[in-house]
Amino acid sequence: MSRPPTFTPPSCARARVLRTARGDFAVLDAAPRTGTPHSTALLLPGYTGSKEDFIALLEPLSDAGYRVVTVDGRGQYETERTDRQESYAQEELARDVLAQAAALTEGGDGAPGRIHLLGHSLGGQIARAAVLLDATPFRSLTLMSSGPAEVVAAQRDKVKMLSDALSVLSMAEVWEAMRALDPPQDADTGGGEALRRRWLLHSPAQLIATGAQLAGEPDRVAELAALALPVHVISGERDDVWPVERFDAMARRLGARRTTVEGAEHSPNTARPRETAAALAAFWDSL
């Protein structure tokens, strides 16, 4: 099982605002303590997630020589939000990613074509949409627990249930209902309040719009394969959002590197961060 993310970044990272042509985005920015980074990695979180989902990766990746920037997308946690669902169309979110990459490059933080892009789950589909719009800022794409098309039927049902609830209830009411239906297995050690605060700061319009994307995403693997961009498909050994076999098949269609992280499920970044970071660094090093 995946552990919940910690909300305390390591000493190698700092919280800051990334200013772009499409607005400001809250990020965690980690860099090697000594020397010049090999290159920059931009990490996109999944549905209901945030930049904190990658905190456990920051230290091992920076120790491996990489600068790592994790971002709250539009309407996620500490990044600005709107109440208009059309603001969260996939193409709009993909253009945000291109703006983030441009800001990193223009700020001297990454050279053109040298940014490694990673997306977890929903973030992987947004990352895919970004490189299909313009792959030139990126050296590689990593799809972490992010499938080729729509999520499985059981997950589509969950997304619809959540969207229906968000249409009539407040974020606080929905949080209480979710906790009642699926109480945490472990006693609350303080992280529960951080998770609640993150949930309350998410935009319900963003959750409804991106939930619909997860439920209706088309298969764009052939388009991605045509780019000849190096791709890494990484997942846990079990997954209830997309069957692991779909990750295997997608990697074959892409001619991609394939990593399965033992002992992890949908979030290897929190369940097995050291092993996941090692696999990511090995892929980036190979390029």
Side-chain angles (χ1 to χ4, degrees), residues 17-27 42-54 69-103 117-134 137 141 143-151 155-175 178 195 197-220 223-224 241-242 266:
V17 173
L18 179 64
R19 304 194 184 281
T20 82
R22 288 178 61 86
D24 296 345
F25 295 86
V27 303
L42 176 62
L43 278 54
L44 315 180
Y47 187 59
T48 77
S50 71
K51 59 190 181 301
E52 286 73 20
D53 292 341
F54 301 113
V69 178
T70 73
V71 61
D72 287 340
R74 181 184 303 272
Q76 288 182 319
Y77 193 27
E78 295 179 321
T79 288
E80 60 190 23
R81 53 189 276 180
T82 76
D83 295 328
R84 298 168 57 248
Q85 289 186 37
E86 54 267 34
S87 298
Y88 306 106
Q90 188 184 75
E91 183 173 335
E92 294 299 312
L93 300 178
R95 293 193 182 280
D96 286 347
V97 174
L98 295 175
Q100 293 155 14
L117 182 61
L118 178 151
H120 174 239
S121 195
L122 170 73
Q125 297 193 334
I126 294 170
R128 181 174 72 176
V131 301
L132 289 174
L133 284 174
D134 183 5
L141 172 64
L143 302 173
M144 179 184 287
S145 303
S146 185
E150 77 279 358
V151 297
Q155 293 294 327
R156 294 198 297 271
D157 291 343
K158 288 183 179 181
V159 166
K160 184 180 186 305
M161 185 183 303
L162 177 57
S163 296
D164 289 347
L166 289 169
S167 298
V168 295
L169 300 174
S170 69
M171 292 294 284
E173 290 170 329
V174 173
W175 173 262
M178 290 191 303
L195 291 171
R197 179 177 180 273
R198 176 173 73 175
W199 171 261
L200 293 178
L201 289 177
H202 265 70
S203 162
Q206 188 266 0
L207 292 169
I208 293 171
T210 56
Q213 291 168 31
L214 283 171
E217 178 74 1
D219 187 321
R220 305 186 71 186
E223 294 175 68
L224 182 58
V241 183
W242 289 275
H266 187 60

I need the minimum non-hydrogen distance between [X] and [Y], along with the two atoms involved.
| X | Y | answer |
| --- | --- | --- |
| S146 | G119 | CB-O, 4.4 Å |
| L98 | P137 | CD2-CG, 4.3 Å |
| Y47 | G211 | CE1-N, 3.6 Å |
| G49 | P45 | C-CB, 4.1 Å |

Taking only residues two or more places apart in sequence or in another chain, which ones pass side chain to side chain contact (heavy atoms under 4.5 Å, CB included) with [X]?
| X | result |
| --- | --- |
| Q155 | V151, V152, K158, D240, V241 |
| A212 | none |
| R220 | Q90, R128, A129, L132, E217, P218, E223 |

Point to revise | Short N-O contact, D72 and R198, less than 4.0 angstrom | key: no
**Study point:** Pairwise salt bridge (charged side-chain N to carboxylate O under 4.0 Å, His left out) hits with a residue in residues 165-174, at least two apart
**Key:**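 Matches after skipping sequence neighbours: none remain.
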Review point. Considering only heavy atoms from C-beta outward, does the side chain of L166 approach that of M171 to under 4.5 Å?
Key: yes
Point to revise | Close side-chain approach of S121 and H266, heavy atoms under 4.5 Å | key: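 The answer is yes; the side chains approach within 4.5 Å.
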Exercise for review: Let me see the working for M178 and L162 under side-chain contact (heavy atoms from CB on, under 4.5 Å), right down to the final yes or no.
Suggested key: CA-CA 9 Å; M178 290 191 303; L162 177 57; 4.2 Å; yes
If I take atom [atom1] from residue [X] and atom [atom2] from residue [Y], how far apart are they, to the nearest 0.5 angstrom?
| X | Y | atom1 | atom2 | value |
| --- | --- | --- | --- | --- |
| F25 | L42 | CZ | CG | 10.5 Å |
| L214 | W242 | CG | CH2 | 5.5 Å |
| Q85 | L207 | CD | CG | 10.0 Å |
| R156 | M161 | CZ | CE | 14.0 Å |
| L143 | L224 | CG | CG | 6.5 Å |
| L200 | L195 | CG | CG | 11.0 Å |

Practice item. Mind running side-chain contact (heavy atoms from CB on, under 4.5 Å) on T79 and K51 for me, showing each step along the way? Key: CA-CA 10 Å; T79 288; K51 59 190 181 301; over 6 Å; no
Practice item. With sequence neighbours left out, write down each residue that passes salt bridge (charged side-chain N to carboxylate O under 4.0 Å, His left out) with E80, or none if nothing qualifies. Key: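 Residues passing salt bridge (charged side-chain N to carboxylate O under 4.0 Å, His left out) with E80: none at all.
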Check your understanding: Would V69 and Q100 count as a side-chain contact (heavy atoms from CB on, under 4.5 Å) if you check the C-alpha gap in whole Å, the side-chain angles of each, and the deciding distance to 0.1 Å?
Key -> CA-CA 10 Å; V69 178; Q100 293 155 14; over 6 Å; no
Review point. Aromatic rings F54 and H120: how do their planes relate, parallel, tilted or perpendicular, breaks at 30° and 60°?
Key: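 Correct class here is perpendicular.
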Practice item. Say whether, by atom type as modelled, one donor and one acceptor occur between the side chain of S167 and the main chain of S163 under 3.5 angstrom. Key: yes
Point to revise | Donor-acceptor under 3.5 Å (R81 side chain, A205 main chain) | key: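 Pair absent, no side-chain N/O of R81 close to backbone of A205.
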Review point. What residue pairs, at least two apart or across chains, pass side chain to side chain donor-acceptor pair (under 3.5 Å) with a residue in residues 202-214?
Key: Y88-S203
Review point. Picking from R22, R84, R74, what satisfies salt bridge (Lys or Arg N to Asp or Glu O under 4.0 Å) with E92?
Key: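 Testing E92 for a salt bridge (Lys or Arg N to Asp or Glu O under 4.0 Å) against R22, R84, R74 leaves exactly one candidate, R22.
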Exercise for review: Start with the C-alpha distance between L93 and L44, add both sets of side-chain angles, then the distance that settles side-chain contact (heavy atoms from CB on, under 4.5 Å), and finish with yes or no.
Suggested key: CA-CA 11 Å; L93 300 178; L44 315 180; over 6 Å; no
